[in-house]
S.K.: 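Would you mind keeping the following structure in view while I ask a few things?
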Amino acid sequence: MEELALFGGAKTKTTPFGAGKRFGAEELRELEEALNQNTLFYHFGNKVKTFLSDFNSMYDVTYSVATSSGTAAIHVALGAAGVTVGDEVITSPITDAGTVIGILYQNAIPAFADLEPETYNMSPASIEARITKRTKAIVVVHLAGNPCDMDAIMDIARRHKLVVIEDCAQAYLTRYKGKLVGTIGDYGCFSTNDFKHISTGDGGIVTINSGEDMDYMTAHAFADKNYSRFGAVVQRDITGLAPNYRMTELQGAVGIAQLKKLGRICERRTVLGDRITQGIAGAPGIRPHRVEAGNRCTYWFYMLRLDLSALDCTREQFCRALEAEGVPNRAGYIPSVLYMQPMFQNRSAYKNSAFPFELSDVAYDAGSCPEAEAILETAVQIPVSEFYSDEDAEAIAAAVRKVASAYSKR
Ligand SMILES: *Cc1c(COP(=O)(O)O)cnc(C)c1O
């Protein structure tokens, strides 16, 4: 057996991983044009409008709204859908805080469904089990660019008359049975924060998929203080509460240039992630990041799981050994399932208040989503970049195989 680099053996990965510049002359030209408009306001300029129309063409949707972040995009979808005080919203316990922030700002209560062990996405059976008479919506999270089981989820939503909001912050050009995620539910929410497939510094997009003008106008207004700005018609009566989540022309300008790169970015990520999966197939104690047949994952990251009963090491030892082989990685993902975080354990979102948690019986007990907890305890996250070469992916797989064989109990 090959000696692990951790114990003085030869390192698997000795050359640097592929790297590159995300922004260039294209972004600069768009930014210059934006400034030359002499306005940076989305309603007067053309950059945000062009960004959205390019996005709509790429996704083949009619309506979308730009926002200041992915968190804002999700809040806009919830607000536009009428999610309100005392409603329950079912979502994933393994996600960014941005998935639940809008729920609580609407004074609705997040409830968490358990996950599938191999895709790390919400289990339809668990979603259905968490539905109560207060449930109003489901926020599905396509984690790491891997699509949720949307047929089953849409079927549950229709039967229980629930709104479906897709959190696509990690899932650009992800396909579920050929369909782009973000176009399947009632709303699709994207983030262009600096860590996502494409970046505008910060920013977000909401798609409105009902095909109804009215739903589009409601979402549009909800991102802009409930003001309605359509062409020359501007209506500023205050008919209800809405935040200011507007995107500026500077973000729109960068977004136009970034969108042109998105196809290639996602293609590379799909190839690289799938290659890692092929390369580690059958390695002892390794459970690859599963993508169901017929789906396309665009790997915002790669996350495998360890079967520690088959390995003679802890996860931390495995991660250190992999690091020593020259493959950067992280044990787990977020620090804990969301419901174990202090805000949920203390049932306090607003300082000195139990509102809105006190309106519902949703519990946040340890063990309530056992599979999600087990995923976080056994996961190893490996970064994927569109700048990686095929050889980089092969080296990642080779290093995982080497460490797995070295610690295998077989
Ligand atoms: C990044 C992210 C968000 C929030 O996006 P921001 O632009 O950072 O507000 C929400 N959900 C998921 C799954 C994310 O990865």
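Position 1 is the first residue of the sequence, and the numbers go up from there. Ligands are counted one by one from 1 in listed order, and the atoms in each one are counted from 1 as well.
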S.K.: Please state which protein non-hydrogen atom is closest to atom 2 (C) of ligand 1 and give its distance, to 0.1 Å?
M.R.: Lys196 NZ, 2.6 Å

S.K.: Going by the order shown, which atoms of ligand 1 are within less than 4.0 Å of some heavy atom of Ser69?
M.R.: 7 (O), 9 (O)

S.K.: For Asn36, look at atom CG and say whether over 12 heavy atoms of other residues, nucleotides or ligands are found less than 6.0 Å away.
M.R.: yes

S.K.: Could you list which atoms of ligand 1 come closer than 4.0 Å to a heavy atom of Thr99?
M.R.: 11 (N)

S.K.: Within 45° of the ring axis of Phe23 and under 6.0 Å from its six-membered ring centre, is that where the NZ or CZ of Lys21 lies?
M.R.: no

S.K.: For ligand 1, which atoms sit closer than 4.0 Å to a heavy atom of Thr95?
M.R.: 13 (C)

S.K.: Is the closest N or O pair between Gly70 and ligand 1 shorter than 3.5 Å?
M.R.: yes

S.K.: So, Phe230 versus Tyr216, ring centres under 6.0 angstrom or not?
M.R.: yes

S.K.: Should the heavy atoms of other residues, nucleotides or ligands under 6.0 Å from CD of Glu358 be counted, would the total exceed 12?
M.R.: yes

S.K.: Apply the test ring-ring contact (aromatic ring centres under 6.0 Å, His included) to residues Phe17 and Phe387: give CA-CA distance (whole Å), side-chain angles for both, the deciding distance (0.1 Å), then the verdict.
M.R.: CA-CA 8 Å; Phe17 280 94; Phe387 296 116; over 10 Å; no

S.K.: For atom 9 (O) of ligand 1, what is the closest protein heavy atom, and at what distance to 0.1 Å?
M.R.: Thr71 OG1, 2.5 Å

S.K.: Which atoms from ligand 1 have a heavy atom of Ala169 less than 4.0 Å away?
M.R.: 2 (C), 3 (C), 10 (C), 11 (N), 12 (C), 14 (C), 15 (O)

S.K.: For Lys261 versus Glu26, what's the shortest heavy-atom pair and its separation?
M.R.: NZ-OE1, 3.3 Å

S.K.: Of the protein's non-hydrogen atoms, which lies at the shortest distance from atom 3 (C) of ligand 1, and what is that distance?
M.R.: Asp96 OD2, 3.4 Å

S.K.: Can you confirm whether more than 12 heavy atoms, excluding those of Phe355, are under 6.0 Å from its CZ atom?
M.R.: yes

S.K.: Which of the numbered atoms in ligand 1 are below 4.0 angstrom from a heavy atom of Ser191?
M.R.: 5 (O), 6 (P), 7 (O)

S.K.: Please write down residue, atom name and distance for the protein heavy atom closest to atom 10 (C) of ligand 1.
M.R.: Asp167 OD2, 3.6 Å

S.K.: Would you find more than 12 non-hydrogen atoms of other residues, nucleotides or ligands less than 6.0 Å from Leu241 atom CG?
M.R.: no

S.K.: Considering only heavy atoms of Asn193, which atoms of ligand 1 have at least one such atom less than 4.0 Å away?
M.R.: 1 (C), 6 (P), 7 (O), 8 (O)

S.K.: Could you check atom 15 (O) of ligand 1 against the protein and tell me its nearest heavy-atom contact, residue, atom and distance included?
M.R.: Gln170 NE2, 2.8 Å

